[in-house]
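Here the structure is a predicted model, which is why all the values come from computation and not from measurement.
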Amino acid sequence: MTPKAKASKAMSRYVRLRDAIAYCKEYNIDLRQFSKPEDIIGKCSTCGTVKAWLYMDAGHWKTRGMGGSSGAYFMPENVHLQCKRCNAFESGRPTEMENYIREKYGDDIVSDITLQHHIRQRRSGVEYAAMEELYKQEYKQLIEENGL
């Protein structure tokens, strides 16, 4: 697995758990009822499907294939929990994802993501390794902060 793929995998785990925990907190779902972190449920940011985050994707609003270099690919505000149907079979549902991001973060983040999307990012293996470690630590922190 390449350093970029490892960083992407670590970010995906972090983002999916982050969004699932946020969903449970929003709806007052007690996280202690789940036997392990992978069982925690979350809601698709574009269609509202609810299931365990482990069986969902980390969907990007601005992807590499959307006519840019996607310097926004590793921005956590650009990536959210999505069911596999929306992410893989409905091309990510970009309009719904944009609306979700706008509602969650505001217009400034939408503008920032759009700008970053058009900036070419060339990272070294060391930078990807550091990014992988960062997202592993963020994941671990989520686990600890929520007593999981």
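- Aromatic pair Tyr139/Tyr135: centroids not less than 6.0 angstrom apart.
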Walk me through whether Leu142 and Arg18 qualify under side chain to side chain contact (heavy atoms under 4.5 Å, CB included). CA-CA 7 Å; Leu142 278 176; Arg18 172 199 71 188; 3.8 Å; yes
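- In this structure a side-chain-to-backbone donor-acceptor pair under 3.5 Å is present from Arg16 to Met56.
- Checking side-chain atoms of Gln116 against main-chain N and O of Ile113 turns up no donor-acceptor pair under 3.5 Å.
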Determine, stepwise, if the pair Ile41 / Lys51 fulfils side chain to side chain contact (heavy atoms under 4.5 Å, CB included). CA-CA 5 Å; Ile41 59 172; Lys51 61 172 71 171; 5.8 Å; no
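- Inter-residue side-chain proximity for Lys6 and Met11 is flagged as unmet; no heavy-atom pair is nearer than 4.5 Å.
- When atom types are taken as modelled, the side chain of Trp53 and the backbone of Val15 share no donor-acceptor pair closer than 3.5 angstrom.
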Worked verdict on Asn146 versus Ile40 for side chain to side chain contact (heavy atoms under 4.5 Å, CB included): CA-CA 12 Å; Asn146 292 284; Ile40 296 172; over 6 Å; no
For a side chain to side chain contact (heavy atoms under 4.5 Å, CB included) check, start with the C-alpha distance between Asp57 and Cys83, then their side-chain angles and the critical distance, and finish with the verdict. CA-CA 6 Å; Asp57 291 343; Cys83 69; over 6 Å; no
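- In terms of heavy atoms, Ala72 sits closest to Asn78 at O-ND2, 3.1 Å.
- Placement of Tyr128 and Met1 in two distinct hydrophobic clusters is found when ILVMFWY residues are connected by side-chain heavy-atom separations under 4.5 Å, directly or transitively.
- Smallest separation of non-hydrogen atoms from Met131 and Ala7: CB-CB, 4.2 Å.
- The minimum heavy-atom distance linking Lys136 with Ala10 is given by the pair CG-CB, 4.1 Å.
- Atom CG of Asp108 has 12 or fewer heavy atoms from other residues, nucleotides or ligands within 6.0 Å.
- The side-chain heavy atoms of Ile143 and Leu17, taken from C-beta on, include a pair separated by under 4.5 Å.
- A salt bridge is absent between Lys140 and Glu144; no separation between the charged side-chain nitrogens and carboxylate oxygens falls under 4.0 Å.
- Between Gln82 and Ser45, the side chains place no donor N or O within less than 3.5 Å of an acceptor N or O (distance only, hydrogens not considered).
- Judged by distance alone, the side chains of Gln137 and Glu133 do bring a donor and an acceptor atom under 3.5 Å apart.
- Using the six-membered ring where Trp is involved, His80 and Tyr105 have ring planes that are tilted, between 30° and 60° apart.
- Pairing each heavy atom of Cys24 with each of Leu31, the nearest pair is CB-CD2, 3.6 Å.
- Across Ser8 and Tyr73, no two heavy atoms sit closer than the pair OG-OH, 3.8 Å.
- Of all non-hydrogen atoms in Tyr23 and Ile29, the two that sit nearest each other are CE2-CD1, 3.7 Å.
- Follow the hydrophobic side-chain contacts under 4.5 Å out from Phe89 and you never reach Tyr55; the two are in separate clusters.
- Between the side chain of Asp30 and the backbone N or O of Arg32 there is at least one donor-acceptor pair closer than 3.5 Å.
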Test log, rule salt bridge (charged side-chain N to carboxylate O under 4.0 Å, His left out), inputs Arg13 and Glu38: CA-CA 10 Å; Arg13 284 184 59 82; Glu38 291 80 6; 3.6 Å; yes
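- Across Glu98, Met97, Glu103, a single residue satisfies side chain to side chain contact (heavy atoms under 4.5 Å, CB included) together with Ile101, and that is Met97.
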